[in-house]
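Please see the structure below; I have some questions.
Only this structure's heavy atoms are used, side chains among them; waters, hydrogens and symmetry mates stay out.
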Amino acid sequence: MKGSTHRRCYCRDPKTGKPLGKKCPKLVGRKHGSYSVRQELPPRADGTRRSFSRAGYESLKAAQAELDYIRALLGLADADDSEGLDQIAELLEKVGDEKAPLPDIESTRRRLSHGLDLTSRLTVGDWLDIWLAGKKGRQSAISRDESNIRVHLQPRIGHLRLDRLRVTHLSEMFEAIAEANVEIAEGNAARRKAVEDLAQIPWKGREPRSRRKAMKAAIAEMEPYRRIVGPATRQRVRSTLRAALNAAIAQQLITFNPAAHVELEAGRRPKALVWTEERILHWRRTGEKPSPVMVWTPEHTGLFLDHVAEDRLYALFHLVAFRGLRRGEACGQRWTDTNLDAGLLTVAKQLVVNGWEVYEDDPKTDAGARTIALDSDTVQALKRHRAQQDKDREKWGSAWVETGRVFTRENGELLHPANVTRRFIEVCEEIGLPPVRLHDLRHGAATLAHAAGAGLKDIQEMLGHSSITITSDTYTSLLPEADLAIAEAAARLVPRARVSSKDSGHEAGGQPGETDDPVPNDADPWGRIGERDSPSAHAPLTQTAPDDESEAE
C-alpha cells in the first residue's frame with residue numbers, strides 16, 4: 001500500500017485567499033512549512049478507499065519515522081488476514097480522526113493476538129468484567145469477587161485504562177475507603193444517637209407526639225446503618241484485583257501488577273476469648289464485646305443445650321457445640337455419611353448460601369473433607385433425632401421431600417443455613433446468655449477439646465483446617481479453670497523451704513525441709529466450676545478429669 005511524505009505550508013494567496021499549498025514560493029527554504037504523511041489503508045468492506053493523514057512534523061526525518069511506524073502497525077497482520085488488517089485500519093482511522101497518539105506496537109500486537117477490540121481502550125472495569133465472566137471455581141468465591149468488584153473496584157478505578165493503572169491509583173483508592181470509613185462511623189453514630197433520643201420522648205401529649213414525628217422524619221432522611229470496610233475486607237479487595245491483574249499479565253495485556261505492590265494494614269484474625277465473669281460484667285455495663293469472637297464457658301454451653309433440649313434443631317446445635325462442624329457442613333450432612341453404630345461422621349458435602357439461594361458444594365477446603373468420631377451422648381442425640389425424623393416422614397406421607405439429609409425442615413426439605421442462625425440467636429436471647437455467634441460454637445468445641453487434652457493436630461483434623469496455624473492462633477482458647485490448674489502445677493514444681501504464714505496458717509519461720517502445699521490435698525487441680533443452684537445436665541460432659549501426674553503432685 002502506498003504512502004508518502006510531503007512538505008506544505010498554510011500561506012494563502014493575498015488576492016484570492018486560497019491556500020497556496022505546495023505552490024508557496026517560500027517552500028524553497030527548509031524552515032518554511034511543515035511535513036505531512038499520508039498512508040493508504042486496506043479498503044473497507046464495501047470497497048471504498050481509506051487513508052491515514054497527519055501533518056505538523058518539523059522535519060522530513062520525523063515524518064518518515066512516523067510513516068514507518070504506521071507501516072509497522074499494518075504489518076502486525078498477515079497479508080491474508082483480512083480481519084486483522086481491517087481491525088488495524090479501523091484503529092488508525094479512529095486515531096487519525098481523534099488526533100490521538102499512535103498506539104504502542106507491542107500492546108497492539110498482544111490485543112490483536114488475543115482477539116480483543118483494537119479500537120476500544122480497555123479499562124480496568126472492562127477487564128474485570130471479562131475476567132469475572134470467565135472465572136471458574138467455587139460459587140462462593142466467585143460471589144465474593146463479584147461483590148468486591150461491584151462495591152469497591154468498579155466505582156473507584158473502573159474508568160482507568162488497564163495499561164495505565166499504577167500503584168498510586170490503588171493507594172489513593174484505599175485511602176478514599178479509609179476516609180469513607182470515618183464518614184460511615186460518624187453517620188452510624190448520629191443515627192444511633194437519634195434513635196436513642198427518640199426512645200426518650202414520651203408517647204402521650206401533643207408536643208411529645210410532634211417531637212416524635214419530627215425526629216422520625218429526621219431519622220428517615222439519614223443514611224442507613226453501613227458496615228465499616230475493615231483491614232481484612234481491604235485485603236480481600238486487593239486479593240481480587242491482584243488475581244484479575246495476574247490474569248491480564250498472562251494474556252499479555254499488561255506487564256506489571258500494581259496490586260502486588262500496594263501496602264495495606266494487615267487483616268489479622270481476631271483471637272477468641274472466653275466469657276469470664278469480668279468480661280460479662282463489662283459487657284452488661286457497656287454493651288461492648290471484648291472480641292468479635294467470644295467463647296462460652298462449659299457452664300454456658302450446658303445452659304444453652306438444656307434450654308434447647310426439646311427444640312427440633314437440638315441435635316444440630318449439640319453436634320456443632322461438641323464436634324465443631326461448620327454451619328453449612330451440619331446443614332448439608334447426609335445419613336449415608338453418618339455411621340451411628342460405629343460413632344463416625346464423614347463430612348462430604350455442605351450447603352452454601354449465595355445471596356438467599358442455597359446450593360450444595362464440596363467442603364470448604366480439601367482438609368474439610370474429613371471423618372470425625374462422635375461421643376456417646378452425641379450419638380444418642382442423633383439417634384433420637386433420626387427417630388423423630390422417621391415419625392415426621394410417616395406424618396407427611398407422600399408430601400415428604402426426601403433429601404437424605406440428617407437435618408431438615410418438618411417436611412424433609414433442605415434447611416436454610418440462615419434460618420438455623422436465626423433460631424440460634426432467638427434461643428440465646430431467651431436465656432440471656434452473653435452473645436456469641438453460631439460459628440463461635442465451633443471455637444467453643446475446639447476450646448473444650450483443648451481443655452480435655454486433645455493436641456493441636458487432633459483439633460485441626462476435627463475442625464478440618466488446612467493449616468495448623470489457624471487452629472492454634474484463632475480457634476483454641478484456654479479456659480480459666482485449665483489455666484489456673486496449669487499455673488498451680490507450675491508453681492508446685494519449685495521446692496520451697498518457706499511459705500508465707502498467710503497460705504500455711506502458721507509462722508513462716510518453719511524448719512528447713514518443711515513444705516506446705518498451698519493447694520489443699522482434696523482440691524481439684526483442674527479447677528472445676530463450682531456448683532450452681534440448678535446444675536446443667538451437660539456440665540459433667542464438659543469437665544476434664546485430672547491426670548495421674550497432677551494427682552501425684
Side-chain angles (χ1 to χ4, degrees), residues 137-141 305 308-354 356-424 438-439 441-442 445-446 449 454 458-466 541:
R138 294 182 180 276
Q139 184 58 44
S140 57
L305 293 177
V308 79
E310 301 302 323
D311 195 279
R312 58 183 307 276
L313 292 180
Y314 167 75
L316 185 150
F317 293 137
H318 185 109
L319 182 62
V320 175
F322 282 98
R323 303 312 295 157
L325 267 68
R326 298 178 176 92
R327 181 185 71 171
E329 294 171 347
C331 294
Q333 186 62 30
R334 301 176 298 194
W335 283 117
T336 53
D337 298 319
T338 308
N339 189 340
L340 297 183
D341 294 332
L344 296 175
L345 180 148
T346 300
V347 178
K349 293 293 180 181
Q350 67 169 338
L351 295 186
V352 181
V353 180
N354 180 26
W356 186 251
E357 298 297 323
V358 178
Y359 65 92
E360 183 186 82
D361 200 357
D362 294 330
K364 185 176 180 181
T365 62
D366 292 339
R370 62 201 187 278
T371 299
I372 58 178
L374 304 176
D375 60 275
S376 58
D377 287 324
T378 302
V379 170
Q380 291 302 318
L382 288 172
K383 285 183 177 179
R384 290 192 299 269
H385 176 77
R386 183 168 59 183
Q388 181 59 47
Q389 192 178 74
D390 291 339
K391 293 179 182 178
D392 292 340
R393 184 182 288 105
E394 294 178 3
K395 176 182 176 181
W396 283 82
S398 59
W400 175 265
V401 179
E402 190 58 63
T403 59
R405 307 289 171 176
V406 175
F407 305 107
T408 64
R409 299 176 62 183
E410 295 88 341
N411 64 346
E413 292 180 350
L414 294 177
L415 269 180
H416 197 296
N419 289 333
V420 177
T421 298
R422 182 180 295 112
R423 179 55 185 156
F424 175 77
L438 176 60
H439 190 78
L441 289 186
R442 180 169 156 85
D458 298 325
I459 299 174
Q460 176 195 356
E461 293 178 357
M462 178 185 80
L463 298 179
H465 286 155
S466 57
L541 302 178

- Message: Within the 4.5 Å heavy-atom criterion, are Leu374 and Leu319 side-chain neighbours or not?
- Response: yes

- pair Leu382-Gln333: side-chain heavy atoms closer than 4.5 Å: no

- For the pair Lys349 and Asp361, find out whether any cationic side-chain nitrogen is under 4.0 Å from an anionic carboxylate oxygen. no

- Test log, rule side-chain contact (heavy atoms from CB on, under 4.5 Å), inputs Phe424 and Leu316: CA-CA 11 Å; Phe424 175 77; Leu316 185 150; over 6 Å; no

- Message: Below 30° counts as parallel, above 60° as perpendicular, anything between as tilted: where do the rings of His416 and Trp356 land?
- Response: parallel

- Note on the structure: In this structure, CZ of Phe322 is separated from CD1 of Ile372 (nearest 0.5 Å) by 13.0 Å

- Hey, are Glu329 and Arg323 close enough for a salt bridge, meaning a charged N less than 4.0 Å from a carboxylate O? no

- Do Lys395 and Asp392 sit within salt-bridge range, that is, some charged N less than 4.0 Å from a carboxylate O? no

- If we only count heavy atoms from C-beta on, is the Leu313 to Leu415 side-chain gap below 4.5 Å? yes

- Do the side chains of Arg423 and Val420 get nearer than 4.5 Å, heavy atoms only? no

- Item | Non-neighbouring partners of Thr378 that pass side-chain hydrogen bond (donor to acceptor under 3.5 Å, both in side chains), sequence neighbours left out | His318, Asp375

- Item | Partners passing side-chain hydrogen bond (donor to acceptor under 3.5 Å, both in side chains) against Asp341 (at least two apart in sequence or in another chain) | none

- With the side chain counted from C-beta on, respond yes when Arg386 and Leu340 share a heavy-atom pair under 4.5 Å apart, and no when they do not. yes

- Message: I'd like to check Leu325 versus Arg442 (side-chain heavy atoms, cut-off strictly below 4.5 Å). Are they in contact?
- Response: no

- Item | Side chain proximity check, His439 to Thr421, heavy atoms < 4.5 angstrom | no

- Test side-chain contact (heavy atoms from CB on, under 4.5 Å) applied to Glu360 and Leu351, step by step: CA-CA 5 Å; Glu360 183 186 82; Leu351 295 186; 4.3 Å; yes

- Message: Test of understanding: with side-chain hydrogen bond (donor to acceptor under 3.5 Å, both in side chains), list the residues that count as partners of Arg334, not counting sequence neighbours.
- Response: Asp337

